[in-house]
Every structure is written in structure tokens, then in C-alpha cells.
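Scroll down for the structure; my scribbles are underneath it.
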Amino acid sequence: MRAIKVLLLTIATVVLASCGTSSTVPITGRKQNLLVSDEKVLSLSNQQYSEYMKTAKPSTNAANTAMVKRVGQRLATAVETYLRQNGMGNEVKNYSWEFNLVQDSQVNAFCMPGGKIVVYEGLLPVTQDETSLAIVLGHEVAHAVAKHSAEQMSTAIRQQYGAQALGVLMAGAGASDGLQTVAATAFGLGAKGASAKYSRNHESEADHLGIIFAAMAGYNPQAAVSFWQRMSKATGGGSTSWLSTHPSDATRIQQIQGWMPEAMRYYQGATGSVSSGKTSGNTSRKALREIRIK
């Protein structure tokens, strides 16, 4: 009996490995095998995002809210232009960009698949200006463009659901309870807030793509170094644990410096640069703890 179970699990593993769709991450060229469709991920994302926004409190600071939306849209436009010009225009249909600033003292931001991005007010005292905000939003946009949530869901299916995952994928209509559970895990949504949890490799890839996307939009990517230095100071050095899903601040800064020549080429080729705009008042400087750009 045990041998039969092992055989069935082996067959299921082979089937899961062979099905799905292949995808290539822009810029980095990394290959992905995704077991969930864009349509399924976007449907689940929209559900989760709508639930979160029902409880979130929009910022009352009109200037900062306008800045978040302005910077976000500039990034989205630059990314979509790049995709269309490089034979990936079919991906643009997957995005319905939203950029919101909410009342929360956490120093954080998060992105849902499809381009639903939320910035917490507590982040703005650390970004300080429009260019550094573009570095953060570029990172969040990168998570959406690189389909990190779909990849996390695919990994969870492979690891946790085995043979049952095949039935989930073949269900066809509607999201089964199993897939919803996987989605909730991948999106990392809690009852009180939201933060997409990605692997260290995904975080590094988002850093890489993020500074390039900022550069495409006309924001100087060199601001990323000073921004992360401020983040490191605010958190006392950040996480250094190898168990962390985020690179340590020192590693992050070193990697960004290594990618800077590439990013600067995009910046120099951008149609126009953007001067730094200072964040307006009424943002909390509390809770400079657990800083994670998800």
C-alpha cells in the first residue's frame, strides 16, 4: 500500500512539473514555470484587495496621496511602454494599476498581483522625497511584473498539495477552497493588514527591477543607496538572519550598487528626469520597526 502511495505521489509530481506555463521575467530573463493562470491569480488578488480596502483608512493628506498616485502612474506608464516596445505587450492586459496611501504607522508598502499597490503613511518619513518613493514603488511594481505571487502560489501547490493540486488546477471554473488557501498563504493577508511575503530571491529581483523601472520613469536610481542607508539606520541594521525572507540591508545595498551601472543606462535614456519633491507634513514617525519593503 505504501509503495502505491509513493508511486502516485511520484506520478503527481511529474505531472505537476510538466504542466503549467512558461514565463520569462523582463530584464533579468529568468525563466518561470507557473501552475496558476494569470486570470486565476488576478481574480483572487482582486478579492483579497477589495477586502483589505474595506477596512483600510485612506490618508487625509491630499499632497502625499497625490504624490503616491503621480509617482506610481509614471512608473506604470514607463513599464507598460517598455513591455510594448520589447514584444511583451500582451502582458499589459494583466495590469489594472492602483496606488493608494493609507493611514498606518508601519514603515511598509505592499503589492498585489495586477498592480494593486498600497503605501503606509509611516514609510514617507524614510523616503523623504519623490525620487526615493519611486524606488519603493518601483520595487512594488516589479513584484507585479515578475509575477512573484503566481510563482509563490505555484511553489506552494507543488510543496503542500501534491496529488490534490492536479484536481485544483483542472477544476476549470471558480477557485476551489484549496487554491484559495494557497492564495491566502502566498499573498500573506492577515485580518488586520496586508503584506505580500516573498522569498529572498524574489526580493532581490524586485530590487534589481525596481531601480531600473524607476530609471525608465526618469527618477535617478542612485537614490536607492541613500534610501536603504536611511532604512538601515532606522531599523538598527535590519534583519541579518539567513532565515529571513529579505536580504540584510548591507547585502541589499551592495547588490543595488552592483546593478547601478545597468540602471543608469536606462536613466540616461529616459525622456526626462524628475526632481525630488519633499513629503508634506502630517505623516507619523512612529513604529520604525519591522521595516520590510514587501
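- For Gln254, the CD atom sits in a loose shell: 12 or fewer heavy atoms of surrounding residues, nucleotides or ligands are nearer than 6.0 Å.
- Using a 4.0 Å cut-off between a side-chain N of Lys or Arg and a carboxylate O of Asp or Glu, Lys147 and Asp38 qualify as a salt bridge.
- Residue Ile211 holds its CD1 atom at 7.5 Å from CD of Glu262, rounded to the nearest 0.5 Å.
- Here the side chain of Asn86 pairs no donor or acceptor atom with the backbone of Met88 at under 3.5 angstrom.
- Rounding to the nearest 0.5 Å gives a distance of 8.5 Å between CG of Leu137 and OH of Tyr219.
- If you check the side chains of His202 and Glu151, you find a donor sitting under 3.5 Å from an acceptor.
- Between Val41 and Ala150, the shortest heavy-atom contact is CG2-CB, 3.9 Å.
- The side-chain hydrogen bond (donor to acceptor under 3.5 Å, both in side chains) check on Glu80 picks up Trp97, with sequence neighbours excluded.
- Of all heavy-atom pairs spanning Ala142 and Leu209, the tightest one is CB-CB, 3.6 Å.
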Apply side chain to side chain contact (heavy atoms under 4.5 Å, CB included) to Val68 and Asn100, showing your working. CA-CA 7 Å; Val68 168; Asn100 289 298; over 6 Å; no
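- The nearest pair of heavy atoms linking Ile256 to Ala224 is CG2-CB, 3.9 Å.
- Between atom CD of residue Glu130 and atom CD1 of residue Ile135 there is a gap of 12.0 Å, rounded to the nearest 0.5 Å.
- A donor-acceptor pair under 3.5 Å is formed between the side chain of Ser50 and the backbone N or O of Asn46.
- Note: His143 and His148 have perpendicular aromatic rings, judged against thresholds of 30 and 60 degrees for the angle between ring planes.
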Between Thr21 and Ser37, is a side chain to side chain contact (heavy atoms under 4.5 Å, CB included) present by the stated rule, with each step listed? CA-CA 8 Å; Thr21 59; Ser37 68; over 6 Å; no
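- Looking at every heavy atom in both residues, Val145 comes nearest to Pro26 through CG1-CG, 3.8 Å.
- One distance of note links CE of Met231 with CG of Leu123; it measures 6.0 Å at 0.5 Å rounding.
- Distance alone, capped at 3.5 Å, is enough to place a donor-acceptor pair between the Ser45 side chain and the Pro113 backbone.
- Without hydrogens or angle criteria, Lys116 side chain to Glu98 main chain gives no donor-acceptor distance under 3.5 Å.
- Here the side chain of Gln32 pairs a donor or acceptor atom with the backbone of Ala146 at under 3.5 angstrom.
- At least one side-chain heavy atom of Asn220 sits under 4.5 Å from a side-chain heavy atom of Tyr267.
- Separating the NZ atom in Lys69 from the CD1 atom in Ile117 is a distance of 11.5 Å, to the nearest 0.5 Å.
- Side-chain contact between Asp207 and His139: present, with at least one pair of heavy atoms (C-beta onward) separated by less than 4.5 Å.
- Distance alone, capped at 3.5 Å, places no donor-acceptor pair between the Arg30 side chain and the Val25 backbone.
- Tracing side-chain contacts under 4.5 Å through hydrophobic residues (I, L, V, M, F, W, Y), one reaches Ile27 starting from Met264; they form part of the same cluster.
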Going through the checks in order, is the side chain to side chain contact (heavy atoms under 4.5 Å, CB included) test met by Arg84 and Val92? CA-CA 8 Å; Arg84 289 191 177 99; Val92 174; 3.3 Å; yes
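- At least one donor-acceptor pair closer than 3.5 Å links the side chain of Thr77 to the backbone N or O of Gln73.
- What you find for Thr127 and Leu133 is that their closest heavy atoms are CB-N, 3.9 Å.
- Every residue meeting the salt bridge (Lys or Arg N to Asp or Glu O under 4.0 Å) condition with Glu51, not counting sequence neighbours, appears here in chain and number order: Lys54.
- A donor and an acceptor atom, one from each side chain of Asp129 and Ser132, are located under 3.5 Å apart.
- Atom NZ of Lys93 has more than 12 neighbouring heavy atoms from other residues, nucleotides or ligands inside a 6.0 Å radius.
- In this structure, Tyr52 has its ring center under 6.0 Å from that of Phe110.
- Taking all atoms of both residues into account, the shortest heavy-atom contact from Ala215 to Ala270 is O-CB, 3.5 Å.
- Within the 4.5 Å cutoff, side-chain heavy atoms of Leu34 are placed close to those of Ser154.
- Residues Leu124 and Leu101 have side chains in contact (heavy-atom distance under 4.5 Å, counting atoms from C-beta outward).
- Proximity of Met153 to Leu35: side-chain heavy atoms (C-beta onward) are nowhere separated by under 4.5 Å.
- Remark: the backbone N or O of Trp228 is not paired with any side-chain donor or acceptor of Ser232 at under 3.5 angstrom.
- For the atom pair CG (Asn64) and CD (Glu121), the distance works out to 7.5 Å, reported to the nearest 0.5 Å.
- Linking ILVMFWY side-chain heavy atoms closer than 4.5 Å, directly or via other members, places Leu42 and Val118 in two distinct hydrophobic clusters.
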Just do the side chain to side chain contact (heavy atoms under 4.5 Å, CB included) check on Met260 and Val225 with the steps written out, would you? CA-CA 9 Å; Met260 195 57 64; Val225 174; 4.2 Å; yes
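- Arg74 contributes a side-chain N or O that, together with a main-chain N or O of Ala217, makes up a donor-acceptor pair within less than 3.5 Å.
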